[in-house]
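For reference, positions follow the sequence shown, starting with 1. Since we're looking at a predicted model, the values are computed, not measured.
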Amino acid sequence: MKGTQVRIDRRELDAILRHAFGERRHGVRATRLEVGSGQINDTRLLEWPDGARRFLRVAPSDATADAGPSWFTAHGLRREAAVVAAARDLADFLPATTTHDFDRTVIDRDWVIQEAMPGVPLSEADRQFDPDVREDVWEQIGAFTRRLHDVRGPRFGPPTCGPRFDRWSELLDWDVCGLIADAEKFRYDPTPFQRLAEVVSSHRALLDDVRTPALIHSDLCRPHIFVEPVDGRWRLVGTIDLEFGRFADPLSEHLITGFEWDNTPREMRPAFMRTYLPGEETEGDRRRITIYVALSLAWFVPLLAMQHEPVDDLMKNLERAVREIERLDAE
């Protein structure tokens, strides 16, 4: 069942290939990728007999997006295009789109065709590195993430196709209200999300210390980071899947919150932070990160529910994260 909600059929695939390539579509092999279980887009590797390779990514339909979590969207690929445009100084590290159709000319969904990112996902290489090489790579990731977050926007929220707010706390209010609605929609306990809404409300002043919206990837993680050896040194060469990029508190970046719950290797945090945030973190930084950890965990619950997967273990982790915030508040 996983991922079937977003998949296109053979007729739709052929319509896209005919529109994009005409006669050159003949002989192309389109292999469905199961990376991420196809939860957001239907992604296909396109390979031609001459060895050319590209990726086709097809967004969910409006109906599928409406049936999914509050944060789900049929316009993620449009958002990604806007993120790439905003971060144009980092173009060498971002997906290069060769063809797209946001007018839905041939099917009722957005789609893009992109050049293959060079290298391999960091998730395949990270733990194979020698310690010095691994630290070097994570320092490069820290420097790249800093450059991305140095891109600033006028308001908090996605660069297009989504709500935008003057205050950071207002965007988080919108997030948690959606998560409460998701709990009711998918029929699991809304209590942790209601408590999370109270956390956001009670920390409004702390959250609104963040005054400048910074561009974040939102889903930056090892499967979405690519590396390859260049002149004898492993180099960061790019990142993919930016459809949830938005202007936010940079410390809410998924990679940063992941250090706190082992989605990002905790032992690499010092190397990352050396180039990402030279100097000491403030107490306010650390307190906000505890809130973002809970929000990151909460984001995944309706995704699992939409996929008809059990949510009990993730809910327990979310409840622990909320209790930790409440414990710190009580000190």
Electrostatic pair [X]:[Y] at N-O distance under 4.0 angstrom:
X: Glu80; Y: Arg57; result: yes
X: Arg134; Y: Asp126; result: yes
X: Arg195; Y: Glu326; result: yes
X: Asp14; Y: Arg18; result: yes
X: Arg222; Y: Glu124; result: no
X: Asp285; Y: Arg288; result: yes
X: Arg320; Y: Glu324; result: no
X: Asp312; Y: Lys316; result: no
X: Asp175; Y: Arg246; result: yes
X: Glu135; Y: Arg274; result: yes
X: Arg24; Y: Asp50; result: yes
X: Glu115; Y: Arg53; result: no
X: Arg44; Y: Asp42; result: yes

What I want to check is whether the side chains of [X] and [Y] have a donor and an acceptor closer together than 3.5 Å.
X: Asp249; Y: Ser252; value: no
X: Trp168; Y: Asp209; value: no
X: Glu253; Y: His217; value: no
X: Asp103; Y: Thr105; value: no

Pair Asp166-Arg155, salt bridge (charged side-chain N to carboxylate O under 4.0 Å, His left out): steps then yes or no: CA-CA 5 Å; Asp166 292 325; Arg155 302 182 75 193; 3.1 Å; yes
[atom1] of [X]: more than 12 outside heavy atoms within 6.0 angstrom?
X: Asp132; atom1: CG; result: no
X: Arg187; atom1: CZ; result: no
X: Arg88; atom1: CZ; result: no
X: Arg152; atom1: CZ; result: yes
X: Arg235; atom1: CZ; result: yes

Is a donor on one side and an acceptor on the other found under 3.5 Å between the side chain of [X] and the backbone of [Y]?
X: Asp9; Y: Arg11; answer: yes
X: Ser218; Y: Phe244; answer: yes
X: Arg29; Y: Glu47; answer: no
X: Gln307; Y: Leu303; answer: no
X: Arg25; Y: Gly22; answer: yes
X: Ser201; Y: Ala197; answer: no
X: Lys185; Y: Leu179; answer: no
X: Arg79; Y: Cys161; answer: yes
X: Asp208; Y: Ser169; answer: yes
X: Thr98; Y: Ile113; answer: yes

Can you list everything that forms a salt bridge (Lys or Arg N to Asp or Glu O under 4.0 Å) with Arg287? Sequence neighbours excluded, please. Asp329
For the pair Trp111 and Arg104, evaluate side-chain contact (heavy atoms from CB on, under 4.5 Å) and give the outcome as yes or no after the intermediate values. CA-CA 8 Å; Trp111 54 268; Arg104 304 185 177 183; over 6 Å; no
Stepwise, does the salt bridge (charged side-chain N to carboxylate O under 4.0 Å, His left out) test hold for Arg7 with Glu12? CA-CA 10 Å; Arg7 290 179 180 170; Glu12 292 170 316; over 6 Å; no
Compare every heavy atom of [Y] with every heavy atom of [X], then report the nearest pair and how far apart it is.
X: Trp261; Y: His254; result: CZ2-CE1, 3.8 Å
X: Met117; Y: Ile240; result: CE-CG2, 3.8 Å
X: Ile216; Y: Pro250; result: CG2-CA, 3.8 Å
X: Asp182; Y: Pro302; result: OD2-CG, 3.7 Å
X: Thr99; Y: Ala20; result: CG2-CB, 4.2 Å
X: Ala30; Y: Leu46; result: CB-CD2, 3.6 Å

Do [X] and [Y] touch side chain to side chain, with heavy atoms closer than 4.5 Å?
X: Phe21; Y: Val28; answer: no
X: Leu122; Y: Trp138; answer: yes
X: Ile225; Y: Pro121; answer: no

Does one hydrophobic cluster hold both Trp71 and Val293, with members joined at side-chain heavy-atom distances below 4.5 Å? yes
Verdict with reasoning, Arg109 to Asp101, per salt bridge (charged side-chain N to carboxylate O under 4.0 Å, His left out): CA-CA 8 Å; Arg109 299 160 64 173; Asp101 183 9; over 6 Å; no
Applying side-chain contact (heavy atoms from CB on, under 4.5 Å) to Phe72 and Met306, what does each step give before you reach the verdict? CA-CA 10 Å; Phe72 213 47; Met306 182 185 74; 4.1 Å; yes
So, Tyr292 versus Trp299, ring centres under 6.0 angstrom or not? no
Can a cation-pi geometry be assigned to Arg146 and Tyr276, taking NZ or CZ under 6.0 Å from the six-membered ring centre and within 45° of the ring axis? yes
Mind checking side chain to side chain contact (heavy atoms under 4.5 Å, CB included) for His100 and listing every partner two or more places apart, or none if nothing turns up? Thr97, Phe102, Val112
Which of Leu255, Thr275, Asp136 passes side chain to side chain contact (heavy atoms under 4.5 Å, CB included) with Ile141? It is Leu255
Assess whether salt bridge (charged side-chain N to carboxylate O under 4.0 Å, His left out) is satisfied between Arg233 and Glu228, documenting all intermediate values. CA-CA 8 Å; Arg233 179 189 179 196; Glu228 72 172 348; over 6 Å; no
Criterion side-chain contact (heavy atoms from CB on, under 4.5 Å) on Phe226 and Thr239, from CA distance to verdict: CA-CA 6 Å; Phe226 281 68; Thr239 185; over 6 Å; no
Taking it one step at a time, do Val58 and Ile107 satisfy side-chain contact (heavy atoms from CB on, under 4.5 Å)? CA-CA 10 Å; Val58 185; Ile107 67 170; 4.0 Å; yes
